[in-house]
Amino acid sequence: MPVKKRKLPDAGDHEHRCKLSSLSRPHIRPVKPVGAVRSFSGKRCLTWFHEYAGPGTVVGPEAMAKFCEDVGVEPENVLMLVLAWHLEAANMGFFTRDEWLRGMTVLQCDCTERLQSKLDYLRSELNDAAAFKNIYRYAFDFSRDKNQRVLDMDTAKSMLDLLLGRTWPLFPVFHRFLESKYKGLNKDQWYNVLEFSRTINPDLSNYDEDGAWPVLLDEFVEWRKSCSAS
Amino acid sequence: MGLPPLNRNKGISFYTNCMTNCAGFHYFGPRLFRKKLKCRINKHCCSLFATDRPKLAENYTEDTWLKLRDAVGAIQNSTSIKYNLEELYQAVENLCSYKVSPTLYKQLRQVCEDHVQAQIHQFREYPFFCTQHCQEKSLDNLSFLKRMNRCWQDHCRQTIMIRSIFLFLDRTYVLQNSLLPSIWDTGLELFRTHIVSDSAVQKRTVEGILEQIELERNGETVDRSLLRSLLGMLSDLQVYKDSFEERFLTETNRLYAAEGQRLMQERDVPEYLHHVSRRLEEENDRIVSYLDQSTQKPLISCVEKQLLGEHMTAILQKGLSTLLDENRVTELALLYQLFSKVKGGLPTLLQFWRDYIKSFGGEIVCTPEKDKDMVQELLDFKDKMDNVAQTCFARNESFINAMKEAFETFINKRPNKPAELIAKYVDSKLRAGNKEATEEELERILDKIMIIFRFIHGKDVFEAFYKKDLAKRLLVGKSASVDAEKSMLSKLKHECGAAFTSKLEGMFKDMELSKDIMIQFKQYMQNQSEPSNIELTVNILTMGYWPSYTPMEVHLPPEMVKLQEVFKLFYLGKHSGRKLQWQPTLGHAVLKAEFKEGKKELQVSLFQTLVLLMFNEGEEFSMEEIRTATGIEEGELRRTLQSLACGKARVLNKNPRGKDVEDGDRFNFNNDFKHKLFRIKINQIQMKETVEEQVSTTERVFQDRQYQIDAAVVRIMKMRKTLSHNLLVSELYNQLKFPVKPGDLKKRIESLIDRDYMERDKETPNQYHYVA
């Protein structure tokens, strides 16, 4: 995929990337247009990791915020989710060293600029049905509290908003429905919501109650039908 | 005879003459004839007959004809004939032998025709008064008919007489010429042509007849022989079908159509049915009496159609429920009989029968206020319907099957409750103190119960309640007869299979074994150093056979605890691997009490015992104190105290007085207690079922069903590895023995997915995989 040239302000100072001025002082590096072809360097990648992780092995939520700022993407942006997916990050808000290294290697990114150039690619993956499905499914375990089997309702709602908010016409209705009795969604229900959004018409005309849909969705359809009837 | 062959025509007539004469009619001039015969035989010549004939007198023919004509005239006018009948007969014969037959025939016909033609006038002249009063008009019509009948009778009689005179002609000339009608037929033809075919006359005749029939149908008496004769006339004249029958059937149709409509409004169904039956009888009688047999089929089917066929649904809608409610077997049998004659009658009746059962039965089952009587009402209802099917519906297979179908439908309209109530009903019959039924009666009742039980879909609910009640009966010693219990058990086994009853049988076995153990224990106790002054009886219940009881810890007095320990030691000595758990809720005891009036023995539950024993240590206690001391759970304690202080036998006094046990109440020993019996049972509360018990039993059944569903799903998935949702559901319906909704199945499937017993296919969400 062609790398788009990104222009950032103040491209004056050029520091050799191999030399780190300070481990504990990450700051925005001025971007230099990638003219020369330089291959991916694991060492650089790790160095980059430690800019945020410090001496530790995990990029935590605060460092994550800085990282997002540096990359130029809001933490709540869906692109971060895609990135996390590539990294196979286990927990929302954290990247471990291994995750970072493995994932960034796959992406062939060892610095912010390179990552920035990959953002369009990441965005395009959201439009690919198969990739999106995997991202969506991944989102469940990613955002879940690991002590629970079930994704709590608030998190579920925001994740759904993030993923389906703009593409699924029934999402606002479903959002309202979820405010009723359910305390959370389990994995099976989570997976099926995507299927539902993809296969069922907005007027619910092709929904089969006797099919294999989870009872939650049966109840949603029933609720919706009774709402529109009254 | 050895006669030579003669000219055909003459020969035959010659031959026939001989034959005729030999046969009979000897009184018509035999002598003359024989003489002639002798001559002819002697001659042996073909043309003998032709040539040797004596010449007739010239005017012989003419004169003879005049004589004959006179005679005919006399017959026709009913005057006396001048001539000798023999003579006349001979005259005819003579004329015939001289080839005058054709002329004679023609002339005779003419005379007859003239006469018949003349008859019409009497009918044409008959007054037609359209504006006349009905009664007079019908009288007029009646006399018209009578006149017609007389005319006909006369005609017939006359024709016969004429024929007997002209018999020779009839038997020779006429017979030879197949195209010529015989004298009798000629008579008929003439009468038909000149009288009956006259449209006005025919119309009036037919109308007259129809009017008479209508009068008779309205209940009046009419002259049946007149009608028979006239209709016979129409038959003989072969105009019956065209002139009469069609109109008759139309009239009948109209009459009964109107009658059907009217009476359906005016009469109630039983009356109507009787009326219809009567009408059919009447019409059949009419056929026998004066209508032609050929009319029977169309007539009866017309009546049936108009009175029954058109009103089938209305009759059933209006009256069937009442007939069945009031058990009116005669009318029901009549109904069945009548409906079986009409096309589509029985199927319609069947449908209404089925619907009635479903609705009546549905009401019995689905009225919670009447739950107490549900089972008895069901039994009575089944008996009643059986009786109807047998006595009224001739044991028709399809009716019996429809009844079974209907029963199965309505009984399952309300899930679970009928099964529970049937279990309770059986319990009430098997309990001691049920003195109503003898052994045979009880057997019969149980058999009838089984028939109803067969219809129920969720039999596991029955088992749960039956087991619970059986346990109580066995443990509190309330079973009326072991034989009856065993009989019921074998009926259940027969109906539902051994798996259903294995636990129940286990319960009985436990009781037997416990008896044996107690014998051994008694011996063991005798060998003990410290005899106890408490007599202990223990029943060992195998967990799993018996209903589950919530374990409760209560504070038993030390003597009891010691005894329990002794027993435990004894028992575990025999069965080392087992664990014993005491169930205080099921225990009962006999207490010796001393009141002012004297000593009494009280049969009480263990809880009641614990409470009462407290009053050996103190005068008065509050409820709180009792609770702390005994450790009995609050709800149970309230019930216990209520049974001791607020029931029929008040061995305790409650302060303040009242029916219910409240928090601050205080209790003391009722020294003034009186009772006519020495041994008093106060432990009935153990037998009663609380609302909580009932709810918890039902809950347990549902819980159990969930386990069964789970087990079935896992079993199926393990075998098939991969299965679509629909196939899984249909397989489950095959395997599960209780009714279940698709939504419930889905919930269990989801639960199993959540617990990683199975998973959905990644691409096809309605397919499942087994997770090993």
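Residue numbers begin at 1 in each chain, while the letters A, B, ... track the order of the sequences. Hydrogens, waters and symmetry mates are skipped; everything else that's a heavy atom, side chains included, is used.
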Is it the case that over 12 heavy atoms from other parts of the model lie below 6.0 angstrom from the [atom1] atom of [X]?
X: B:Met543; atom1: CE; answer: no
X: B:Glu363; atom1: CD; answer: no
X: B:Lys382; atom1: NZ; answer: yes
X: B:Lys737; atom1: NZ; answer: no

**Prompt:** Where does B:Pro765 contact chain A at under 4.5 Å (heavy atoms): side chain, backbone, both or neither?
**Reply:** both
**Inter- and intrachain pairs under salt bridge (Lys or Arg N to Asp or Glu O under 4.0 Å), touching residues 402-412 of chain B, at least two apart** = B:Arg354-B:Glu405
Are there any donor-acceptor pairs closer than 3.5 angstrom between chain B and chain A, and if so, which ones?
from     : atom 1 : to       : atom 2 : distance (Å)
B:His725 : NE2    : A:Asp210 : O      : 3.4
B:His725 : NE2    : A:Gly211 : O      : 3.1
B:Lys746 : NZ     : A:Glu209 : O      : 3.0
B:Lys746 : NZ     : A:Gly211 : O      : 3.1
B:Lys746 : NZ     : A:Trp213 : O      : 2.8
B:Lys746 : NZ     : A:Asp218 : OD1    : 3.0
B:Lys746 : NZ     : A:Asp218 : OD2    : 2.5
B:Glu750 : OE2    : A:Val215 : N      : 2.4
B:Asp754 : O      : A:Arg149 : NH2    : 2.4
B:Arg760 : NE     : A:Asp188 : OD1    : 2.6
B:Arg760 : NE     : A:Asp188 : OD2    : 3.3
B:Arg760 : NH1    : A:Ala212 : O      : 2.7
B:Arg760 : NH2    : A:Asp188 : OD2    : 2.7
B:Arg760 : NH2    : A:Ala212 : O      : 3.3
B:Lys762 : O      : A:Lys133 : NZ     : 3.2
B:Lys762 : O      : A:Arg137 : NH2    : 3.3

